[in-house]
Amino acid sequence: MTILEKMEDIEKSLPKDQSIDYLANKELILNILELRERKNVLILGHNYMAPLVYQLSNENQRGDSLALSRYAARANNLIILFDGVRFMAETAKILNPEKKVLIADLAAGCSLADNFSAKDVLDYKNRYPGVPIVTYINSYAEVKAESDYCCTSANGLDVILHAAKEYNKDKVIFIPDSLMGENLQDDLDNNGHKIDLIYPGKYDEKFARCEVHEMIKPEDIKNIRLQYNMQKGAKDTAVIVHPECLKETVEEADFSGSTSAMTKYVRNHSELKKVYLGTECEMTSNMAAEFPGIEFIKTCNVFCQHMRRINLEKILYSLQNEVYEIHVDEDVRKKARLSIDRMLEIGK
Ligand code: 13P
Ligand code: SF4
């Protein structure tokens with residue numbers, strides 16, 4: 001696709017309410033695309049990016065953490081620009097040590113990754129010797145390096161089952177997300193797996209939560225259902241939430257899954273007319289553009305301050321100057337890579 005064709009494609013693919021924004025930022029977008037071509041940059045875009053940023057990436061280069069890790073593992077461009085938060089860009093660097101991996105703002109953190117250290121992992125290892133450790137991808141390299149497996153919200157259950165079998169254990173440690181841990185324990189119980197999942201907060205005082213998803217309370221879901229006439233189980237409406245939400249919130253929803261699983265659910269239910277997504281609000285903007293026939297309920301107070309740090313101006317600056325590069329200590333990287341490779345192997 002030429003740069004002009006890509007510009008047309010972006011304009012066409014944006015949500016209707018973004019056309020003024022597109023006109024205001026046309027030059028910036030054009031400059032970014034020219035640099036992308038000239039420097040042979042792969043731009044990966046997480047589903048939570050604002051539409052103008054999201055559309056910079058080609059269709060198969062956008063997605064959830066798992067899809068983007070898989071894509072990064074196959075990349076042959078010399079530079080990768082990751083439009084997402086730092087732990088995601090770091091994962092791309094762990095998989096591509098010889099490439100330059102850039103992020104438009106190195107301060108784009110994550111309340112899960114920022115509140116869990118390698119020392120915290122070692123504490124669990126000492127408390128439960130021999131029990132496999134499955135670490136959510138929302139963590140930094142030092143934490144992954146001390147873990148046996150990495151997982152994402154798309155494959156958590158599969159990785160936990162695999163780990164229990166490989167280590168021949170009926171206990172698995174899952175870190176750092178306390179709320180997802182509780183949801184995964186529920187999934188295990190509901191599917192008849194007798195595995196005790198040890199996650200922060202279950203048998204100790206340690207907690208790590210996504211500051212965005214913990215805000216969505218079961219009462220909010222009930223109110224949305226009432227206000228927008230969306231009964232649980234109705235064929236033409238759906239309330240879909242991310243598994244980083246409270247267990248009680250997940251129980252009120254029609255479906256829970258990773259950001260890509262949410263899109264897949266909507267795609268596979270052609271009868272849907274109204275949808276509420278209990279997750280970062282820009283995900284709703286991107287879905288609304290993809291499914292114009294569906295009315296999406298948008299709650300703009302649910303947003304990730306870290307994801308919002310990534311904008312067109314900073315992307316251009318990072319690409320022009322090749323700055324805001326991700327670096328990972330080589331020993332840490334090699335160990336962290338093992339946990340990611342083990343995860344990628346499971347899904348093959
Ligand atoms: P996904 O892996 O579902 O894209 O989620 C990443 C994330 O940070 C959700 O808050
Ligand atoms: Fe982290 Fe939550 Fe933001 Fe996802 S939405 S990056 S889990 S703070």
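We count residues from 1, following the sequence as given. Ligands are counted one by one from 1 in listed order, and the atoms in each one are counted from 1 as well. These numbers were taken from a predicted model, which means no experiment stands behind them.
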#### Entry: Lys/Arg-Asp/Glu bridge criterion (N-O < 4.0 Å) met for K273, D236
no
### Query
With a 4.0 Å cut-off, would you call R62 and D83 a salt bridge?
no
## Note on the structure
Interatomic distance, CG@L112 vs CG@N138, rounded to 0.5 Å, equals 5.5 Å
### Task
Tell me, please, which residues at least two apart from F255 pass ring-ring contact (aromatic ring centres under 6.0 Å, His included).
Y265
### Ring-face cation of R225 near Y228 (centre distance under 6.0 Å, axis angle within 45°)
no
### Task
Anything with a heavy atom under 4.0 Å from ligand 2 counts, so go ahead and list those protein residues by chain and number.
Y48, V85, C110, S111, L112, N138, C210, V212, E244, C304, H306, M307
### Query
What about L179 and V239, same hydrophobic cluster or not, with Ile/Leu/Val/Met/Phe/Trp/Tyr joined at side-chain heavy-atom distances under 4.5 Å?
no
Could you tell me, for ligand 1, which of its N or O atoms are under 3.5 Å from any protein N or O, listing the pairs and their distances rounded to 0.1 Å?
from	atom 1	to	atom 2	distance (Å)
ligand 1	2 (O)	S65	N	3.3
ligand 1	2 (O)	S65	OG	2.8
ligand 1	2 (O)	S153	OG	3.3
ligand 1	3 (O)	S153	OG	2.8
ligand 1	3 (O)	H242	NE2	2.9
ligand 1	3 (O)	T259	N	2.9
ligand 1	3 (O)	T259	OG1	3.4
ligand 1	4 (O)	H46	NE2	2.7
ligand 1	4 (O)	S65	N	3.3
ligand 1	4 (O)	T259	OG1	2.7
ligand 1	5 (O)	H242	NE2	3.4
ligand 1	8 (O)	N138	ND2	3.2
ligand 1	10 (O)	Y48	OH	3.4
ligand 1	10 (O)	E244	OE1	2.8
ligand 1	10 (O)	E244	OE2	3.3

Can you give me every donor-acceptor pair (side chain of residues 287-305, partner residue at least two apart or in another chain, under 3.5 Å) with its distance?
from	atom 1	to	atom 2	distance (Å)
E290	OE2	R267	NH2	2.6
K298	NZ	S285	OG	2.9
T299	OG1	Y276	OH	3.1
Q305	NE2	E211	OE2	2.9

### Electrostatic pair R333:E330 at N-O distance under 4.0 angstrom
yes
### Task
Indicate yes or no: does D120 engage K206 in a salt bridge with an N to O separation below 4.0 Å.
yes
